[in-house]
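A short write-up of the structure that comes next.
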Amino acid sequence: MSKETLRKLGEELKATREQKDITLQQIFNKTRIDMKFLNAIESGDFEVMPDVYIRAFIREYAKSIELDGNTILRKYEIAKEGREIGEEDIQEIEREQAEKQEPAAKEFSAPSASANESDGSNKNILIGIYAIAGLAAILIIYLVFFNTKDQEIITEKPYQEVLEETKSRFEIPAEKKKEEVKQTVVPVMSDSLSLVIIASDTCWIGGKIDSNSDIDFLLYPGRKKTIKAKTQFYLVAGNAGGIEFLLNGKKLDYTGRTGRAILTINSEGIVR
């Protein structure tokens with residue numbers, strides 16, 4: 001039964017919280033998640049929560065008790081299927097986490113078996129460097145002390161003369177400036193769209209940026225979040241009546257209703 005496995009997951013989370021001496025009130029103060037939902041998580045009663053909020057609530061709860069949110073979400077999905085979390089599941093979770101981490105830096109040291117060869121190669125390189133440095137020193141001495149050819153005497157120009165020459169070289173006539181402005185094409189910059197989401201009520205936001213990057217976060221009343229894209233945003237709002245949008249500093253004409261909404265926003269605004 002999935003209810004039994006979910007109950008066990010809730011008990012595990014509660015035990016971890018109590019072991020770390022963290023109270024539900026502290027979690028509420030940090031996340032602003034309603035106390036009834038926090039109690040529901042620890043009792044495994046996820047049916048009382050809105051579907052669009054379950055994942056966000058679980059992730060925020062896990063972070064509050066110093067656990068990895070994605071790992072707990074994976075355990076929730078397994079428990080929801082009615083399965084006990086086995087050794088294979090734990091290994092799969094660890095593998096997924098390892099894949100998400102940045103690749104470890106490559107080793108730069110040579111294998112121990114070829115240490116002697118490496119030492120010899122390093123010595124040859126040092127000898128070559130010393131030889132080049134010696135030749136350079138000899139060349140410098142020759143040029144300084146033995147090169148008796150007449151050298152060109154360089155006189156310093158008056159400051160005003162240099163200034164006038166510089167202006168004549170780099171100053172562009174007004175007519176040419178106008179012509180160049182007409183021909184100038186402003187390139188499209190990467191991440192040219194900046195979208196600010198402002199929440200007046202608790203709202204979950206999910207979706208994709210440019211069909212590539214996934215987003216999934218929770219906004220509380222009075223909070224805002226900025227996301228950027230090259231061409232467009234695909235958004236799912238859990239409480240569409242509690243948010244407003246600013247696109248590149250301009251407020252969008254949007255009035256949402258309470259409930260779930262799916263939106264596409266590009267450089268022209270909200271696609272109806």
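Values in this document were obtained by computation on a predicted structure and should not be read as measured data. In this chain, numbering begins with 1 at the start of the sequence shown.
Side chains of Thr31 and Tyr61 form no contact here, defined as non-hydrogen atoms less than 4.5 Å apart. Contact check for Leu235 versus Phe245: side-chain heavy atoms found under the 4.5 Å cut-off. A 4.5 Å side-chain heavy-atom check between Ile41 and Leu24 finds every atom pair outside the cut-off. Looking only at side-chain heavy atoms (C-beta outward), Thr231 and Asn266 stay at 4.5 Å or farther from each other. Using a 4.5 Å heavy-atom threshold, the side chains of Ile215 and Phe233 count as separate. With contacts defined as side-chain heavy-atom distances shorter than 4.5 Å, the pair Arg32/Asn29 qualifies.
A salt bridge is defined here as a Lys NZ or Arg NE, NH1 or NH2 lying under 4.0 Å from an Asp or Glu carboxylate O, and Lys75 with Glu12 meets this definition.
By the salt bridge (charged side-chain N to carboxylate O under 4.0 Å, His left out) test, Glu18 is found to be paired with no residue, residues two or more places apart in sequence or in another chain being considered. Asn248 meets the side chain to side chain donor-acceptor pair (under 3.5 Å) test with no other residue; sequence neighbours excluded. Under the side chain to side chain contact (heavy atoms under 4.5 Å, CB included) criterion, Glu47 pairs with Lys3, Asp45, sequence neighbours left out. In this structure Lys63 satisfies the salt bridge (charged side-chain N to carboxylate O under 4.0 Å, His left out) test with no other residue, sequence neighbours excluded. Partners of Tyr76 according to the ring pair (Phe, Tyr, Trp, His ring centres under 6.0 Å) rule, which considers only residues two or more places apart in sequence or in another chain, are Phe46. Under the ring pair (Phe, Tyr, Trp, His ring centres under 6.0 Å) criterion, Tyr234 pairs with no residue at all, not counting sequence neighbours. Among residues two or more places apart in sequence or in another chain, the side chain to side chain donor-acceptor pair (under 3.5 Å) test is passed with Asp214 by Lys208. In terms of the side chain to side chain donor-acceptor pair (under 3.5 Å) criterion, Lys80 has no residue partners (sequence neighbours excluded). Taking Glu11 as the reference, Arg7 meet the side chain to side chain contact (heavy atoms under 4.5 Å, CB included) condition, with sequence neighbours excluded. Qualifying side chain to side chain donor-acceptor pair (under 3.5 Å) partners for Ser43, counting only residues two or more places apart in sequence or in other chains: none.
Contact detail for Ala261 and Tyr254: the closest heavy-atom pair is CB-OH, 4.4 Å. Counting all heavy atoms, side chain and backbone alike, Ile22 lies closest to Ser64 at CD1-O, 3.6 Å. Contact detail for Thr23 and Arg17: the closest heavy-atom pair is CA-NH1, 3.7 Å.
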Check against side chain to side chain contact (heavy atoms under 4.5 Å, CB included), Ile129 and Ile125 = CA-CA 6 Å; Ile129 292 173; Ile125 292 173; 4.0 Å; yes
Open item on the list: As a quick check of understanding, evaluate side chain to side chain contact (heavy atoms under 4.5 Å, CB included) for Lys20 and Leu67, giving each step before the final call.
Closed with: CA-CA 11 Å; Lys20 295 185 178 182; Leu67 296 178; 4.2 Å; yes
Does the pair Leu38 and Met35 meet the rule for a side chain to side chain contact (heavy atoms under 4.5 Å, CB included), with working shown?
CA-CA 5 Å; Leu38 295 176; Met35 290 292 288; 4.0 Å; yes
Between Leu73 and Arg55, does the side chain to side chain contact (heavy atoms under 4.5 Å, CB included) criterion hold? Intermediate values first, please. CA-CA 7 Å; Leu73 275 176; Arg55 296 177 63 85; 3.9 Å; yes
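Under a hydrophobic-cluster definition in which Ile, Leu, Val, Met, Phe, Trp and Tyr are linked whenever side-chain heavy atoms come within less than 4.5 Å, directly or via other members, Ile265 and Leu246 are assigned to different clusters. Linking ILVMFWY residues whenever their side-chain heavy atoms come closer than 4.5 Å, directly or via other members, places Ile270 and Leu195 in the same cluster.
Considering NZ of Lys14 and CG of Asn39, their distance stands at 8.0 Å, rounded to 0.5 Å. Between atom CD1 of residue Ile58 and atom CG of residue Asn70 there is a gap of 11.5 Å, rounded to the nearest 0.5 Å. For the atom pair CD (Glu244) and CG (Asp253), the distance works out to 11.5 Å, reported to the nearest 0.5 Å. Going from atom CG of Asp34 over to atom CE of Met49 covers 10.5 Å, rounded to the nearest 0.5 Å.
Applying the side chain to side chain donor-acceptor pair (under 3.5 Å) rule to pairs touching residues 215-228 yields Arg59-Asp216, Trp204-Asp216, sequence neighbours excluded.
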Could you list the donor-acceptor pairs under 3.5 angstrom formed between side-chain atoms of residues 196-203 and any protein atom two or more places apart in sequence or on another chain?
| unit_1 | atom_1 | unit_2 | atom_2 | d |
| --- | --- | --- | --- | --- |
| Ser200 | OG | Gly242 | O | 3.3 |
| Asp201 | OD2 | Asn239 | ND2 | 3.2 |

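Summarising the local packing, CD of Glu268 is surrounded by 12 or fewer heavy atoms from other residues, nucleotides or ligands at distances under 6.0 Å.
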